Amino acid sequence: MTPRTKGIRTSKLVNEIQPSGIRKFFDLASSMDNIISLGVGEPDFITPWSVREACISSLERGYTAYTANAGMLELRVEISNYLKKQFQLPYDPKNEIIVTVGASEALDIALRAIVDPGDEVIVVEPTFVSYAPLVTLAGGKPVSVGTSVEANFRLMPEQLRAAITPMTKAIMVSFPNNPTGSTMNYDELEAIAKIVEEYDLLVISDEIYAEMTYDGNHASIANIPGMRERTIIISGFSKAFAMTGWRLGFVIAPSDITSAMLKIHQYTMMCASTMAQHAAIEALQNGMDDVGKMVQSYKQRRNYFVKSFDEIGLPCHVPGGAFYAFPSIKNTGLTSDQFAEQLLLTERVAVVPGHVFGSGGEGHIRCSYATSLDNLKEAVTRIDRFINTLK
Amino acid sequence: MDSKEKEILQLIEENSRIAVDTLAKMVDLSEEETVTIIKKLEEQKVILGYSAVIDWTKVTETETVTAMIDVKVTPKRGVGFDDVAERIYRFPEVRALYLMSGAYDLSVVIEGKTMNEIARFVSQKLSTIDSVLSTTTHFQLKKYKHDGVVFSDGEEDQRIVITP
Ligand SMILES: Cc1ncc(COP(=O)(O)O)c(C=O)c1O
């Protein structure tokens, strides 16, 4: 055993992890006024009123104690019904669903439940910034596989095959994707599933943007025969129900995996917040109309935004889901960092440079269209002005 | 009616000043197609007009009074309530008129410059109509929400400028 290094107080694992790549922009943007922000990864809607009201009512009735570790059974039953109805995913509320503190916690406990030291986890990028660090924190080794705009940011089977080693334990995918908005259909997922089975891997499938699928229906990899047993689905209330601040998510998986996750969850979190769980029951029982309205509005804004990007000469593949556009800025000759910083300083539009989302992201910027139409219009005008000064 | 038509209607109901090119992009149609649909909906009288929701209390010299009047009437043979309804809604002071179920028959929304003006309308115009049996007038004290629009300074965007 190597003796511990004197003087360094924080753990090696934590020291391995880089701070988030957007910190610099965050600090810069927060110090400026009159910014149009396309940098926000959350809905611009406020949680539907009936859901907020259910939370207030929960407090009024005095529900201020812990719930079951896995979450209130009533909520898990609602989640189970919702998954069956919306995505044809049958899961047992008693032992295949855990209510978590955001999808974020679900990702953490999923990884910690399956990763042994040295295991490799393939992370399909560009993607949500937390995956690779969470793999590291779980003791595993993140292996990045970058997708490209030419492939519409979908994972190609041969790419996956090339990345697999004897140490590979699992792959992490997320469709609809943050930051590209890319989706994968059933047939494309089927080709991935074949390889997953062949190499006896697990899949962590983050489907938190499933409701925000604009052209056709969302396909879950767990729908593919044989995959239910190998898939851990991550989801939550943050995006579809505009509940980011409530910190409520859920994870569904076969019961051997949920019982492993539950051990971590019960010792670290105990349970998700009680009033948030009451609110979530209301959201699932009576909130789907609101979800539908919000999704319709995102779709209209997506259509407007992507067409406008094409008009001003920033090629943008059509994002099939989530609420991000990921236009290419390659023909400006700037790196995504330079583009984002100069755009912020000269035109006061905040976007996120694509490289922070991992390989395949450079040469792009992430622009969230979860903001008002007026803001989108003004942002397009300003970005147009900005790229014209570069010519 | 197809779904694009419905989508256009919803969007212009929310904001009738929306530019056609913006609207066309949002619903994924060409500008010409969008204009054609709007024209058709206007001709079919699905779109009846374009108006603004104005908070007149902020325009001091033009303050108005609004009242809702419950009216009980005896319906006439052959024409039911329609006859008397028409006599009432022809008055320019009448902003809206509904046939109701329950304790009374017609609900009249009326707007005037002063309470006096409304009182005069009720006593001289409305209650003198033959089939009108009785009226009950309620004055509006404050507008919190009207036609789906909340009359307050909207909720601010609480989100931080950049999130991962
Ligand atoms: C793909 C993805 N997964 C998970 C999360 C985190 O969600 P939650 O707020 O439920 O923790 C986000 C938030 O941006 C995300 O984009």
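Protein chains get the first letters and strands the later ones, always in sequence-line order, with residue 1 at the start of each. Please read these numbers as outputs of a predicted model, since none were measured by experiment.
- Under the 4.5 Å side-chain criterion, counting only non-hydrogen atoms from C-beta, Lys307(A) is in contact with Asp28(B).
- Around the CD atom of Glu31(B), the shell of radius 6.0 Å holds more than 12 heavy atoms that belong to other residues, nucleotides or ligands.
- Rounding to the nearest 0.5 Å gives a distance of 12.0 Å between OG1 of Thr22(B) and CD of Gln300(A).
- Within 6.0 Å of the CG atom in Asp157(B), the count of heavy atoms belonging to other residues, nucleotides or ligands exceeds 12.
- In this structure, Arg52(A) places its CZ atom where more than 12 heavy-atom neighbours from other residues, nucleotides or ligands lie under 6.0 Å away.
- Environment of CE in Met68(B): sparse, with no more than 12 heavy atoms of neighbouring residues, nucleotides or ligands closer than 6.0 Å.
- For chain A, the nearby parts of Ile160(B) are the backbone and the side chain; heavy atoms of each come within less than 4.5 Å.
- Residues Thr371(A) and Arg159(B) meet the side-chain proximity criterion, which asks for heavy atoms closer than 4.5 Å.
- Within 6.0 Å of the OH atom in Tyr50(B), the count of heavy atoms belonging to other residues, nucleotides or ligands exceeds 12.
- Interface check for chain B: of the options Asn178(A), Leu376(A), Leu373(A), Thr244(A), the most heavy-atom pairs under 4.5 Å are formed by Leu373(A).
- The environment of CG in Asp2(B) is crowded: more than 12 heavy-atom neighbours from other residues, nucleotides or ligands sit within 6.0 Å.
- For Lys40(B), the NZ atom sits in a loose shell: 12 or fewer heavy atoms of surrounding residues, nucleotides or ligands are nearer than 6.0 Å.
- The part of Gln10(B) that comes within reach of chain A is its side chain, from C-beta onward, which places non-hydrogen atoms under 4.5 angstrom from that chain.
- Residue contact with chain B, scored on non-hydrogen atoms closer than 4.5 Å, is absent for Arg302(A).
- Residues Lys25(B) and Ser308(A) share a closest heavy-atom pair of NZ-OG, 3.1 Å.
- Between the side chain of Arg301(A) and the main chain of Met26(B), no donor-acceptor pair closer than 3.5 Å is present.
- For Phe305(A), no part lies under 4.5 angstrom from a heavy atom of chain B.
- Interface remark: Ala370(A) contributes backbone and side-chain atoms alike to the contact with chain B (heavy atom separation under 4.5 Å).
- Scanning residues 25-41 of chain A against chain B with a 4.5 Å heavy-atom cutoff picks out Phe25(A), Phe26(A), Ala29(A), Ile35(A), Ser37(A), Gly39(A), Val40(A), Gly41(A), ordered by number.
- Taking chain A as the reference chain and counting heavy-atom pairs below 4.5 Å, the highest number among Leu11(B), Leu23(B), Val27(B) is found for Leu11(B).
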